[in-house]
Structures are given as structure tokens and as C-alpha cells.
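A short worksheet on the structure shown next.
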Amino acid sequence: MCGIVGYLGPNPAFPILIEGLKRLEYRGYDSAGIATLEDGGALRVEKKQGKVVELTNHIGEHHPQGTVGIGHTRWATHGPPSDVNSHPHCGAQGRIALIHNGIIENYEALKELLTHRGHKLVSDTDTEVLAHLIEEVQLRSGLDLPDAVRVALKEVVGAYAIVVLDREHPDRLIAARKSSPLVIGVGEGREFYVGSDATPIVAHTKNVIYLDDEEVATMHRNGDLKIRTIGDVAVTPEIHAIELEMASLEKGGYDHFMLKEIYEQPRSIRDSIRGRVQLQSGDVHMSGIAEYWDVWNSAQRILILGCGTSWHAGLVAEYLFESLARIPVEVEYASEFRYRKPIVRDSDVVIAISQSGETADTLAAIRLAKDQGAHVFGVCNVVGSSIARETHAGAYTHAGPEIGVASTKAFTAQVAVLTAMAIHLGRKLGHLDDRTHMRLLTELDNIPDLVKRVLDKAEATEAIAREFATADNALYLGRGYQFPVALEGALKLKEISYIHAEGYPAAEMKHGPIALIDENMPVIFIATHDEVYDKVVSNIQEVKARGGRILAIVTEGDTHARKLADHVLEVPRCHEALAPLLTVLPMQLLSYHIALLRGCNVDQPRNLAKSVTGEGRNPVNLGWFSTPCVWDVENVVSLHLANGAFLAPRKP
Ligand code: F6R
């Protein structure tokens, strides 16, 4: 369950679907399939476990015909990757073919009901259940397909973005969504494209309609588009222009998206602080904070929620907010927060961090915090995403599309935005004197240049990677601001190279992990010049004494740590609060090179997908849309253009 593409128009559907599937492959990729309605009304379904190329090899020269079709790349949730579990799935009579993103939570109950009625399901998927259900409703009720889809979806609990092809109606394509994004592209000359995000659409048209939850769209070959809610209320379609450029979806001369995104960081960090950090006036402009200043001013605690890399950015923010703004901070995995009975007070400010803005755990945690009266501020990358829509206010990170599954530039953009926020709050709350405040602002403004310097001098990383590439385990150690960076370094390594790696606060090593150290254990220390530098050097000595192989990430000009380490990688000197933006870079590159040397698929690591929109990892939405569909457009346009903030529409 992952990527969706659909086409209805005057042109052959097959090349459009295959090209769309290739663009969507980054999101999920254990199988792919297409269905087209061929001339004469035959429904042709082709699907194959593996990459899109396996599908095209399987199809060979005998390309499917027809000018309407649907395509899907799957990331397995219900049932393992296999030809039979791949989408599209057909109903019992083979009249409809359907592709689906999301999870049908009550599929067991629906399956039992259908089996009772004589349906024979051949796959393990929840999607096939949905295809049978829709066809069953259609055949039994005699309803037209769009109505049958609406009625069937009323029975469904869970998340879905679906596109349905009807053998009896080659002039129509039906699409519907709930909690899983779906975009309709409106092309020139009566043609429609459908995508789970804009990537398969943007090459053809920039005019899109974002379907909203519980909406069913019927596209017709004559150019008509009708949208009705599941409750049968007509909706007027609104067309938006996407700003997304094709270049941002391509590798731009790099071998991998991950490498491109690592090298984009001077630009992405600059974009994340542009308009916010104002050196001349010595201010930070954050409309999302200014609009709710009373809330921030009286906040007793900041609760930070996120998952994975975004959670690591939250941990960096804990150090930032506590040290610079003196506000108590707790950082929680959104996935844990949502299921324990957290104590949230209306004097809490919650910061929810997410690249995609669609992570299900983070969304659920936001809803819980809001229900308990907290003010929720979002930090996310995808404009118009669910998190941007459901938070009270927030700040976009402006990192641009992140295609590599391993998050790199999104992390640094998040940390840059959070750093600007902490400096701003520190100043406004009276905890930063003029000198420190200006020093921090100036250094933050200069950080993109330092990032470039680190990346320009990174050639040594590849040689070090060669030495570490055969390891089975690795330890990442740091203290203070660098502890979360150690966690992030370990996550980057494990997710793309499959080497078991752990991050620890360096001082915790002697409480257990030191038992692991021997000559086979690479230990990556972050030993930059900061308040805990001497202590980290002592920790390096402890590892050295036990034969560990040490890579130290040090400040330029360092002498102590360098003497103890087998290898060093340098970063420029800066204020310790800003150093995470530099020290994470060699770690990203190290993981990249190690993964390459081990023959791993860097951009598409096994078992992973880009965005986790369900309890399982069913990746969806990376929209990068310029104009969100649900927000108050005036707010969004003015604030977004001014400084990348977002504010939820105020209820009258
Ligand atoms: C790791 C990674 C994941 C995400 C996590 C949260 O490289 O990408 O750990 O950080 O799934 O995703 P978002 O930030 O989209 O909420």
C-alpha cells in the first residue's frame, strides 16, 4: 500500500501509469501493478512482486491498451509481498478494479460477511475485501458505481485513498479518500490524473484538486468532475496551482536522492531561517508565536512530540529551550504519548514535529493534546499536510521535497527552525542578554556557510566508511547537545546499512554498553568544543583503553580528542547550541557511504517507507503543495509568504 496513480483522458494510459509508478517508487516498493480498460471493454490487470521494472519486464512488449487506467506501488501491510497480494484487486465478478492506500481496520469482519455471501477472496489483503464489498453493494443495490462506492465506504472503518475502475464505464474513474491523501490533477483538454501525492501528476499539470476526507470524486471523459461526500452532499471542486517543480523530484546529477538532499542542506537551512532571522533588527519573526504570544508567555511547560528523526530534532530542542529560554521541556515519542494516559495541562504548549505532516502517531498525539486543552504548534515540512491543518499554529521548515527515505535535510531544517524559536523565546522571556542573543542570531544566520564548509571537505568520510563497512555493530556517543545527534547518527546507520547501531549519552557507556567494546566495535564520538568536551575526552580514553576503533567528530583545530582517535572528521567552531547542525553532517555521509559499500539500496531501504500514516508503515502523502486546501487561504498566503508560518483558521 503506497503509491497511487490514475489516468483518464485521450492519451494511452500505460506510459503515463508506468512513469507515475516510477516516480512513486520511493514511497513503497515491494510490488507494483496496473489495470487498464482496453479497447473492446476488457479489463487488463498486470501485477508483480518487486520493483516497477519487474512489472514492465513481466508485461514485455505486449503493452496494455486503453486510455483509462490505474497503477499502484505497494508496501505490504496485510499479507507478504507477492504477485497475488499486489494491487489492483478486482471484485468477485471482475467488473471493478481497485487500488488502495491505507488500512481497513474492520476488514476481518467485512471479509467474514462477504465469505458468508459466497465471495472467494484470493489474497491476504484488506484491499481485496474493499473491492468485493463495493462490487457486492453495486450488484445487489443496482446503484451506480459512485453511489455504490459511497454506500460501501460507510461500512468501512480505517484509512483509505482509493481509485476504482469500472469495466462497464470506460469513460469514468472514481476516487475517494479518508485519512490518506489523494490529489486529482486536471489536465488540458479533458483529462484527469490521480495521485497519492503530486509526484506522478506534476509532469502533466500543475492544476490540482485535493480531495478531502470522506469525499468521493467521479471524473468523466467529457471533462466533468463531480464530488460528493459519503453522506451525499455535493462539494464544489476547488482548483489549486502546485508550485512543485520537476527538478526537485529528480536527482539533479547525484547518484542518489539521499546524497542530493545531504548536499542541499546549505540551501534548505537557509530557506528554513529566511525571513525569520532578521539580523538588522535583531529579531526573529515567527507569526505562529506572535499570534499566540499570551500562550507562550504563560507556558509552564513545553511538550515536544514526534517520531524517529523528528523525535531526535525534538531532543535537540529540549536542550535549546531549556538552556536558552528556561522553559521546562519534555520530549515524547508520539506513539507512546498517545497510548498512555498523559497529563496535559492547558498551560502546556505542545510542539509537534514532522517532516511529512502525516505521521499517524503524531497526528493522534496532537488530537489528544488538543482535547486536553493544550495549545499545539506544528513544525513540519509539507505545506497543507494534515499536521499543518490540525495544529493551532506552526512553522514550515521549507526543506523542499525529501525523497530519500532516510531523513537528512528535514532534520537540519527542523533543528534550524527550533533554534530560531528558542533564541526568540529566550530573548522575549528575558533570559538572553543582548550580546548572547546577537551572537546566537548571527551564528545561526551564518550556519548555512559552515554547513557548506563541512560538506565541501567531506572526502575523508568515504575512506573511513571503507574501514567501518564490515562492522556488525556500532556505537554513537555524545553528551549534552550532541547526545540527540548521536541517536540520529545511529538511526541513519541502521536504517540504510542494516548495521546494528546504538546511540548513547557518552557518560552512560560505563553503566553497561562499555561491555560491548572490543577491537571490532566502531565507536563514533562527537567531541566538539563545548561545556562537556573534557568529559567526552575522558570517555574516549575509556574506549581507547578497551581497544575500540574510534572516529571522533571534532572542532577544527582540536588537539586532545584527535590524539586518541583512529580517525577524525572536523567541523567548524560555533556556539554549542548550533553545533548539532554541523556534527550531524559527517554522520549522514558516513551512513551513506557505508550503505553504498554494503550494496544497500540507499534511497529505499528494506522494510521502510517515507511516511508512516497508519499503525503499520503504510506510506502516503508527500504533497509539497503551494496552497493548502482547507486552511483559511488569507492567513496561509500572507503568513506563509511572510515567514513560512501557518495558523489554523480561527473559529468565529
Ligand atoms: C528516519 C525517518 C523516520 C521519520 C519518522 C517520522 O530517517 O525518516 O524516522 O523521521 O518516521 O516521520 P515524520 O517526520 O514525517 O513525522
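Remember, it's 1-based here, ligands and their atoms both numbered in the order they're listed. Both backbone and side-chain heavy atoms feed into the values below; hydrogens, waters and symmetry mates do not. What you see is a predicted model; the values in this text were computed from it and never measured.
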Next on the checklist: Below 4.0 Å, non-hydrogen atoms only: which portion of Lys492 touches ligand 1? Side chain, backbone, both or neither.
Outcome noted: side chain
Go through ligand 1 atom by atom and flag the ones less than 4.0 Å from a non-hydrogen atom of [X].
{"X": "Ser310", "value": "10 (O), 13 (P), 14 (O)"}
{"X": "Ala406", "value": "7 (O)"}
{"X": "Glu495", "value": "1 (C), 7 (O)"}

Next on the checklist: Regarding Glu358 and Ser385, do their side chains bring together a donor and an acceptor under 3.5 Å, going by distance alone?
Outcome noted: no
Checklist entry - Do any nitrogen or oxygen atoms of Ser407 lie less than 3.5 angstrom from nitrogen or oxygen atoms of ligand 1? => result yes
Checklist entry - Do any nitrogen or oxygen atoms of Gln355 come within less than 3.5 Å of a nitrogen or oxygen of ligand 1? => result yes
Item to check | Residue pairs passing the salt bridge (charged side-chain N to carboxylate O under 4.0 Å, His left out) test where at least one lies in residues 473-494, sequence neighbours excluded | outcome: Glu488-Lys492, Lys492-Glu495
Item to check | All pairs passing salt bridge (charged side-chain N to carboxylate O under 4.0 Å, His left out) where residues 362-386 contributes a residue, at least two apart | outcome: Arg367-Glu390
Checklist entry - Nearest 0.5 Å, what's the CE-CZ distance between Met286 and Phe377? => result 6.0 Å
Checklist outcome for this item: Out of Thr359, Val382, Thr309, Leu608, the nearest non-hydrogen contact to atom 13 (P) of ligand 1 is supplied by Thr359
Next on the checklist: Check this for me: does any side-chain nitrogen of one of Glu215 and Arg177 sit under 4.0 Å from a carboxylate oxygen of the other?
Outcome noted: no
Next on the checklist: Below 30° counts as parallel, above 60° as perpendicular, anything between as tilted: where do the rings of Tyr263 and Tyr254 land?
Outcome noted: parallel
